[in-house]
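Only this structure's heavy atoms are used, side chains among them; waters, hydrogens and symmetry mates stay out. Bear in mind the structure is a predicted one, so any value in this text is a computation, not a measurement.
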Amino acid sequence: EDGDHHHASSSASPSKELSTVDITSKAIVAVWKDKLQRFQEGLAAPKGGYLLNCNLYPFYAAFTSLDLDGGGSVSISELCTLLHLHGTSAKKSEVRAMLLEIDVDGSGSIIFKEFIFFMIFCSFDVNYNGALDAGDLVMIGRDILGMNLTPEEAAAMIALADPDGDGRIGIRQFSLLFDDVIIPDKEQ
């Protein structure tokens with residue numbers, strides 16, 4: 001530990017070159033596993049939260065391309081404009097519904113941290129059904145991240161963020177689980 005932050009970082013496996021999303025995903029899973037262990041042992045989270053310590057530049061570049069006015073957040077109109085430029089015919093109401101799921105802080109727009117967790121959530125949602133379950137975590141861990149998660153460990157990780165106990169979590173529950181994760185400035 002460094003100061004009051006617990007560092008969450010990951011390095012690429014020697015057998016497989018991991019993408020930025022995969023490396024960030026691996027760091028997120030490490031935080032998730034630490035949270036589970038602390039919960040099971042009755043320990044509090046680190047005082048200063050968890051510092052996500054990996055290369056986030058590609059995320060910054062993607063987010064900046066969405067943030068058309070440079071205001072540091074992505075609004076509904078910016079999303080609509082971008083989606084229409086890319087040939088998507090999504091209605092403003094559909095974009096608003098998507099934004100409300102991603103917009104965990106309720107600001108009416110997406111900030112960078114919400115964007116990162118949305119991207120990670122999407123990479124974990126292997127069935128494209130808008131929810132994560134233990135099977136998704138086991139498959140992602142094994143097939144992409146090179147991490148062996150047992151079905152029991154994955155189920156316990158899901159349960160940590162699953163208030164209704166249905167064995168599945170959506171983007172909002174996923175993002176709230178990582179509310180204490182600190183995203184470094186793009187210069188770091």
Handout entry: Thr150 OG1 to Leu137 CG distance, which is reported to the nearest 0.5 Å
Key = 11.0 Å
Exercise for the section: Would you mind listing every ring-ring contact (aromatic ring centres under 6.0 Å, His included) that reaches into residues 155-183, with sequence neighbours excluded? Expected result: Trp32-Phe174, Trp32-Phe178, Phe117-Phe178, Phe121-Phe174, Phe124-Phe174, Phe174-Phe178
Problem - CD-CG distance between Glu153 and Asn148, expressed to the nearest 0.5 angstrom - result: 9.5 Å
Exercise for the section: Following the transitive rule for hydrophobic clusters with a side-chain heavy-atom cut-off under 4.5 Å over Ile, Leu, Val, Met, Phe, Trp and Tyr, establish whether Phe112 and Val104 coincide in one cluster. Expected result: no
Exercise for the section: For Met139 and Val126, work out which heavy atoms get closest and say how close. Expected result: SD-CG2, 3.9 Å
Practice task
Establish whether Leu132 and Leu176 are linked, either directly or via other cluster members, by ILVMFWY side-chain heavy-atom contacts under 4.5 Å.
Solution key: no
Practice task
Please round to the nearest 0.5 Å and tell me the distance separating atom CD1 of Ile28 and atom CD1 of Ile140.
Solution key: 13.5 Å
Problem - Non-hydrogen atoms of Cys54 and Ala27 that approach each other most closely - result: SG-CB, 4.3 Å
Problem - Connected via hydrophobic side-chain network under 4.5 Å: Phe115 and Tyr60 - result: yes
Exercise for the section: Search all heavy atoms of Val74 against all heavy atoms of Phe63 and return the closest pair with its distance. Expected result: CG2-CE1, 3.6 Å
Exercise for the section: Look only at the side chain of Asp136 and the backbone of Asp133, and say whether a donor-acceptor pair between them is shorter than 3.5 Å. Expected result: yes
Practice task
Return the minimal non-hydrogen interatomic distance between Asp22 and Ile144, and the atom names on each side.
Solution key: OD1-CG2, 3.2 Å
Practice task
Measure the shortest side-chain to side-chain distance between Asp103 and Asp105 over non-hydrogen atoms and say whether it is less than 4.5 angstrom.
Solution key: yes
Completion exercise
Smallest heavy-atom separation, Ser107 atom then Ser109 atom, equals OG-O, 3.0 Å
Practice task
Please tell me if the side chains of Phe59 and Thr24 come closer than 4.5 Å, counting only heavy atoms from C-beta onward.
Solution key: yes
Completion exercise
Rounded to the nearest 0.5 Å, the CG atom of Leu160 sits from the CD atom of Gln37 at a distance of 12.0 Å
Practice task
Apply salt bridge (Lys or Arg N to Asp or Glu O under 4.0 Å) to Asp180 and list each qualifying residue two or more places apart in sequence or on a separate chain.
Solution key: Lys35
Problem - Of all pairs that satisfy salt bridge (charged side-chain N to carboxylate O under 4.0 Å, His left out), the ones with a partner from residues 106-127, not counting sequence neighbours - result: none
Practice task
Flag yes if Ile102 and Ile111 sit in one hydrophobic cluster, no otherwise; membership is Ile, Leu, Val, Met, Phe, Trp, Tyr, and two members link when side-chain heavy atoms are under 4.5 Å apart.
Solution key: no
Handout entry: Minimum heavy-atom distance Leu56-Leu52, with the two atoms named
Key = CD2-CD2, 4.3 Å
Problem - N/O donor-acceptor pair under 3.5 Å between Asn127 side chain and Asn129 backbone - result: no
Problem - Joint cluster assignment, Val21 & Val29, ILVMFWY side-chain distance < 4.5 Å - result: yes
Problem - Pair Asp34 + Arg38: basic N to acidic O under 4.0 Å - result: yes
Completion exercise
Grouping ILVMFWY residues whenever side-chain heavy atoms fall under 4.5 Å, the cluster of Tyr128 otherwise contains none
Practice task
Measure the OG-CG distance between Ser73 and Leu66 for me, rounded to the nearest 0.5 Å.
Solution key: 11.0 Å
Completion exercise
Quick note, ring-ring contact (aromatic ring centres under 6.0 Å, His included) partners involving residues 129-171, not counting sequence neighbours, are none
Problem - side chain to side chain donor-acceptor pair (under 3.5 Å) contacts in which one or both residues fall within residues 157-176, not counting sequence neighbours - result: none
Practice task
Look up atom OG in Ser25 and atom CD1 in Ile120, then write down how far apart they are to the nearest 0.5 Å.
Solution key: 3.5 Å
